[in-house]
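To start, the structure itself, in structure tokens.
Residue numbering restarts at 1 for every chain, and letters A, B, ... go by the order of the sequence lines.
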Amino acid sequence: MDLFDIFEEHVDQIIDGLVAEGVVPEDANRRGVIVELPRDTGHGDLSTNAAMVLAKPSKMNPRALAEQIAGKLGEIDIVASAEVAGPGFINLRLETSFWPRIVKAVLEAGDDYGKSNIGGGAKLNIEYVSANPTGPMHVGHTRGAVFGDALARLLEFTGYDVCREYYINDAGAQVDVLARSAFLRYREALGEDIGEIPEGLYPGDYLVPLGVSLSETHGEALLSMDEAEWLPIVKDAAIDAMMALIREDLAKLNIHHDVFFSEKTLHENNGAAIGAVIESLRSAGHIYRGRLDPPKGTLPEDWEDREQTLFRATDFGDDVDRALEKSDGSYTYFAADIAYHKDKFDRGFAHQIDVLGADHGGYIKRLKAALKAISDGKGELDVRICQLVKLLRDGAEVKMSKRAGTFVTLRDVVEEVGVDPVRFMMLMRKNDATLDFDFARVTEQSKDNPVFYVQYGHARTCSLFRQLEESIPGMDSANLDHATAPLTRLTDEGEIAIMRKLAQYPRVIAGAAAAQEPHRIAFYLYELASDLHSHWARGKVAPHLRIIQEDDWELTQDRFALIAAVGNTLKSGLTILGVSAPREMR
RNA sequence: GUCCCCGUAGCUCAGUCGGAUAGAGCGUCGGAUUCCUAAUCCGAAGGCCAGAGGUUCGAAUCCUCUCGGGGACGCCA
């Protein structure tokens with residue numbers, strides 16, 4: 001329970017009292033009533049909108065109602081004053097002894113500060129990355145990977161039982177192309193001059209080692225086979241090799257999935273798994289044979305009007321019904337995806353999250369429709385879209401083209417700038433807004449680089465402890481017992497600003513989890529680091545504000561409790577983002 | 001043509017289940033360091049929150065429309 005919860009409870013009880021007195025009607029909707037930190041510190045330490053929310057149902061003037069509530073809030077011992085302001089806000093000013101309680105709370109909670117059980121231990125499946133196994137990951141994949149991973153960490157921190165999952169698209173035509181491309185490299189490894197890689201095959205030289213390994217395993221045996229014979233062999237080997245590559249790439253970003261689910265398995269035994277899902281949908285009346293109107297806009301060249309097997313997606317909020325079978329009788333990607341989401345549902349994941357790229361925006365409605373249909377409305381799917389990343393180098397956009405072989409791989413970026421900056425920068429933007437990734441800025445070691453700014457904040461807290469050991473002979477900061485700090489001397493405005501910020505952390509975490517927006521944590525950390533740096537710098541001109549006061553151990557002890565609390569919170573937030581919290585930066 | 005996302009300071013963006021005088025960084029200008037890491041800090045200037053209606057005690061936030069940018073639009077994955 002955080003600071004705000006405590007006061008919301010107070011307010012709630014006061015409203016109960018007013019209901020009993022007949023001032024507020026019993027059925028008044030209290031949902032909008034909140035206690036928050038006013039933006040302007042001149043408005044006090046805490047404020048509530050209770051009177052404005054309840055004025056109308058109570059048929060009262062907001063300010064008059066506010067006066068009544070304020071009177072009762074003023075009786076709480078920790079409240080120094082409760083005043084009505086503006087249209088009916090109630091502003092609370094707390095006793096100065098209040099804020100240090102936050103420091104104590106942070107230190108007592110340790111790594112658990114901000115942790116909650118909002119999820120109640122509910123199982124939750126988050127599918128992310130799911131890049132096609134046709135080559136190494138490029139920067140475009142990086143954002144979804146980092147976002148999904150940070151979201152998973154965040155949801156775990158807030159009490160969900162999270163399963164991280166990767167859907168391997170190993171069933172379509174793309175992996176056949178991969179196999180043919182690999183076969184070419186196999187022939188090359190056997191000494192053949194393959195010349196230019198033909199149009200339509202993957203030209204990247206990441207397939208060269210695979211060709212060599214195929215030649216070592218199979219010798220020239222594959223050469224005498226028909227494509228129908230060698231293709232499955234080469235395809236399996238190629239997919240395994242590409243997935244190994246992708247796992248390595250992900251590991252470089254500190255990302256590890258719990259489950260890798262193969263699309264191909266859904267197509268095995270003549271598509272038994274997919275067929276079964278379609279059958280169950282059919283018996284529920286969600287499948288029919290019919291024709292679709294041609295798509296608007298530019299008509300595909302091979303458009304033919306034909307009767308086909310359709311899913312009544314429109315019954316579940318989609319714009320059109322969706323095809324489940326291709327004209328050659330095989331299942332569509334969507335059909336397999338329904339079976340996949342059904343599989344996840346059957347594994348106990350009523351709540352699922354899919355992290356998809358920007359180009360899949362048009363896919364959301366049908367996926368949601370599908371999960372609703374196969375779960376009888378019991379399943380819940382959230383789809384988070386990650387927008388494009390624009391790479392900038394020396395102020396100019398880096399154009400990427402697969403055909404020209406100029407795409408920047410995830411590995412390149414991580415090796416050039418490091419994991420921490422990559423992860424942090426990817427999380428400095430709301431996921432559904434496009435993001436500029438500027439190499440120069442990200443590698444810069446200055447305050448212009450948010451990740452260094454925040455990490456340096458953490459390093460600074462650690463540095464102060466080291467400094468303390470040097471200042472006070474025999475001091476071992478590891479044994480500094482914050483529990484014995486009196487916490488009565490943290491009265492400077494800079495210190496109070498930091499404590500106010502610390503108090504917000506649990507709410508920031510809860511809000512970020514509810515909105516599934518880890519970027520809020522990145523912004524919070526930036527602000528907390530800023531408060532720390534700002535306060536620290538004041539000690540430059542005002543020596544009495546320095547953390548270490550060699551002739552006043554009591555004060556020093558209090559200040560170190562605060563510094564420890566800041567370091568603790570910075571580390572907690574960075575950990576959720578999957579970014580390291582260095583103890584020293586030089 | 002339909003659907004989705006976006007439009008906030010010169011630039012890059014926060015803020016959006018409605019709250020008080022709309023914030024931060026960069027850039028510009030002016031300052032701070034004999035002393036806890038200057039990888040830092042302080043100050044100033046900078047706004048018709050794309051536009052128009054509507055709902056409300058109250059709108060950047062919700063609704064409708066318009067304009068502008070991006071994306072998607074049977075069998076690709």
Side-chain angles (χ1 to χ4, degrees), chain A residues 31-32 34 36 38-40 42-43 47 49 52-53 55-56 61-62 85-89 91 130 132 134 169 171-175 263 291-300 302-306 308 310 318-334 336-337 358-365 385 387-388 428-430 432-436 438 441 444-450 452-453 455-457 459-460 463-464 466-468 470-471 514-515 519-520 522-523 526-527 530 532-541 543 545-549 563 584-586:
Chain A
R31 263 212 316 259
I34 55 167
E36 63 188 344
R39 183 172 310 173
D40 184 346
H43 290 142
S47 75
N49 61 351
M52 288 183 291
V53 173
K56 191 165 218 176
N61 174 317
F89 285 100
N91 293 332
S130 299
N132 292 330
T134 55
N169 300 141
Q174 291 183 58
V175 281
E263 179 190 1
R291 295 172 188 279
L292 287 177
D293 292 335
K296 306 291 185 193
T298 50
L299 198 65
D302 58 350
W303 166 259
E304 56 168 318
D305 186 26
R306 69 178 182 90
Q308 52 191 335
L310 298 169
D318 200 357
D319 303 318
V320 288
D321 292 336
R322 302 292 176 178
L324 299 175
E325 285 173 10
K326 303 182 194 176
S327 54
D328 67 359
S330 64
Y331 293 118
T332 60
Y333 179 82
F334 177 54
D337 218 3
D359 52 343
H360 288 69
Y363 198 61
I364 299 174
K365 282 186 181 177
I385 290 291
Q387 268 296 344
L388 303 174
M428 268 303 275
R429 286 284 167 272
K430 207 160 50 177
D432 55 5
T434 56
L435 181 149
D436 287 354
D438 188 332
R441 181 154 179 235
E444 193 174 340
Q445 304 206 344
S446 78
K447 73 189 186 82
D448 298 348
N449 183 348
F452 277 91
Y453 187 82
Q455 287 184 314
Y456 179 48
R460 176 161 268 169
S463 158
L464 281 162
R466 286 192 298 273
Q467 191 62 38
L468 180 66
E470 283 176 28
S471 307
H519 77 275
R520 297 189 189 194
F523 279 94
Y526 189 86
E527 289 168 10
S530 175
L532 173 70
H533 291 313
S534 176
H535 180 63
W536 185 90
R538 292 172 66 219
K540 285 276 180 198
V541 263
L545 289 178
R546 288 181 201 155
I547 311 301
I548 299 170
Q549 298 292 321
I563 291 301
E584 189 174 0
M585 298 171 83
R586 294 228 178 238

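If you take CD1 of I385(A) and P of G71(B), they are 14 Å apart, rounded to a whole angstrom. Here the P atom of nucleotide A77(B) and the OH atom of Y333(A) are 9 Å apart, to the nearest Å. If you measure from atom CZ of F334(A) to atom P of A77(B), you get 14 Å, rounded to the nearest angstrom. In this entry the distance linking CG of N49(A) with C1' of G58(B) reads 12 Å, nearest Å. Between the CG atom of D319(A) and the P atom of G1(B) there is a distance of 16 Å, given to the nearest Å. Rounding to whole angstrom units, CZ of residue R322(A) and P of C76(B) are separated by 12 Å. Taking atom NE2 of H535(A) as the reference point, atom C1' of C36(B) lies 11 Å away to the nearest angstrom.
When the P atom is compared between A14(B) and G53(B), the two are found 28 Å apart, to the nearest whole Å. With P as the reference atom, G46(B) and G54(B) are 32 Å apart, rounded to whole Å. Distance noted for atom C1' between C13(B) and C6(B): 13 Å (whole Å).
Contact check for R429(A) versus Q387(A): no side-chain heavy atoms found under the 4.5 Å cut-off. For the pair T134(A)/N169(A), no side-chain contact is recorded, criterion being any heavy-atom separation below 4.5 Å from C-beta on.
Side-chain to base pairing of S530(A) with A24(B): no donor and acceptor N or O lie closer than 3.5 Å to each other. Between the side chain of N91(A) and the base of A20(B), a donor-acceptor pair under 3.5 Å is found.
Annotation: salt bridge (charged side-chain N to carboxylate O under 4.0 Å, His left out) contacts of D337(A) (sequence neighbours excluded): none. Residues satisfying the salt bridge (charged side-chain N to carboxylate O under 4.0 Å, His left out) criterion with K365(A), sequence neighbours excluded, are D319(A). Remark: D305(A) pairs with R291(A) by the salt bridge (charged side-chain N to carboxylate O under 4.0 Å, His left out) rule, at least two apart or across chains. Residues satisfying the side-chain hydrogen bond (donor to acceptor under 3.5 Å, both in side chains) test with N132(A), not counting sequence neighbours, are Q174(A). R31(A) meets the side-chain hydrogen bond (donor to acceptor under 3.5 Å, both in side chains) test with no other residue; sequence neighbours excluded. For the salt bridge (charged side-chain N to carboxylate O under 4.0 Å, His left out) test, residues two or more places apart in sequence or in another chain that qualify with R520(A) are E517(A). Looking at residues two or more places apart in sequence or on another chain, you find a ring pair (Phe, Tyr, Trp, His ring centres under 6.0 Å) between Y453(A) and Y526(A), H533(A).
Here the side chain of A537(A) is nearest to one of A77(B), A39(B), C41(B), namely C41(B). Of the candidate nucleotides A39(B), A77(B), A20(B), A20(B) has the atom lying nearest to any side-chain atom of S47(A). Here the side chain of A173(A) is nearest to one of A38(B), A77(B), C57(B), namely A77(B). In this structure, the nucleotide among A72(B), A39(B), A77(B) sitting nearest to the side chain of F452(A) is A39(B). Candidate nucleotides C3(B), C36(B), C41(B) were compared by shortest atom distance to the side chain of K365(A), and C3(B) ranks first. The side chain of H533(A) approaches C41(B) more closely than any other nucleotide in the set A20(B), C41(B), A77(B). Side-chain atoms of D40(A) lie closest to U21(B) of the nucleotides A20(B), U21(B), A77(B). Between A38(B), C42(B), A32(B), one nucleotide has an atom nearer to the side chain of W536(A) than all others, and that is A38(B). Each of C41(B), G19(B), C36(B) was ranked by its minimum atom distance to the side chain of L464(A); first place goes to C36(B).
Base contact: R306(A) has a heavy atom under 4.0 Å from a base atom. At the heavy-atom level, G539(A) lies under 4.0 Å from base atoms of the strands shown. The residue E584(A) sits close to a base: some heavy atom pair falls under 4.0 Å. Across all strands, L292(A) comes closer than 4.0 Å only to sugar-phosphate atoms, never to a base (heavy-atom distances). E304(A) comes within 4.0 angstrom of a base, heavy atoms only. Residue-level contact check: S534(A) touches the backbone only, with heavy atoms under 4.0 Å from sugar-phosphate atoms and none from bases.
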Could you run down nucleotides 7-15 of chain B 5' to 3' and tag each one B, S or - for protein heavy-atom contact under 4.0 Å?
-----SSSS

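Of the possible donor and acceptor atoms, one in the side chain of N49(A) sits under 3.5 Å from a partner among the backbone N and O of I34(A).
Stacking of H43(A) onto the six-membered ring of A20(B) is present: less than 5.5 angstrom between centres, less than 30° between planes. Under the stacking definition used here (centres under 5.5 Å, planes under 30°), the residue Y363(A) fails to qualify as stacked on the base of A72(B).
Stretches of at least 3 consecutive Watson-Crick or G-U wobble pairs, with each checked distance under 3.5 Å, appear in RNA chain B as B:1-7 with B:67-73, B:10-13 with B:23-26, B:28-32 with B:40-44, B:50-54 with B:62-66.
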Are H43(A) and F89(A) close enough, and set up right, to give a side-chain contact (heavy atoms from CB on, under 4.5 Å), and what steps lead you there?
CA-CA 9 Å; H43(A) 290 142; F89(A) 285 100; over 6 Å; no

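Side-chain nitrogen and oxygen atoms of R586(A) include none within less than 4.0 Å of the OP1 or OP2 phosphate oxygen of A38(B).
When each of Q467(A) and M585(A) is assigned the nucleotide of RNA chain B bearing its nearest heavy atom, the one mapping closer to the 5' terminus is Q467(A). Annotation: of the two residues near RNA chain B, V53(A) and N169(A), the 5′-most nearest-nucleotide partner is V53(A).
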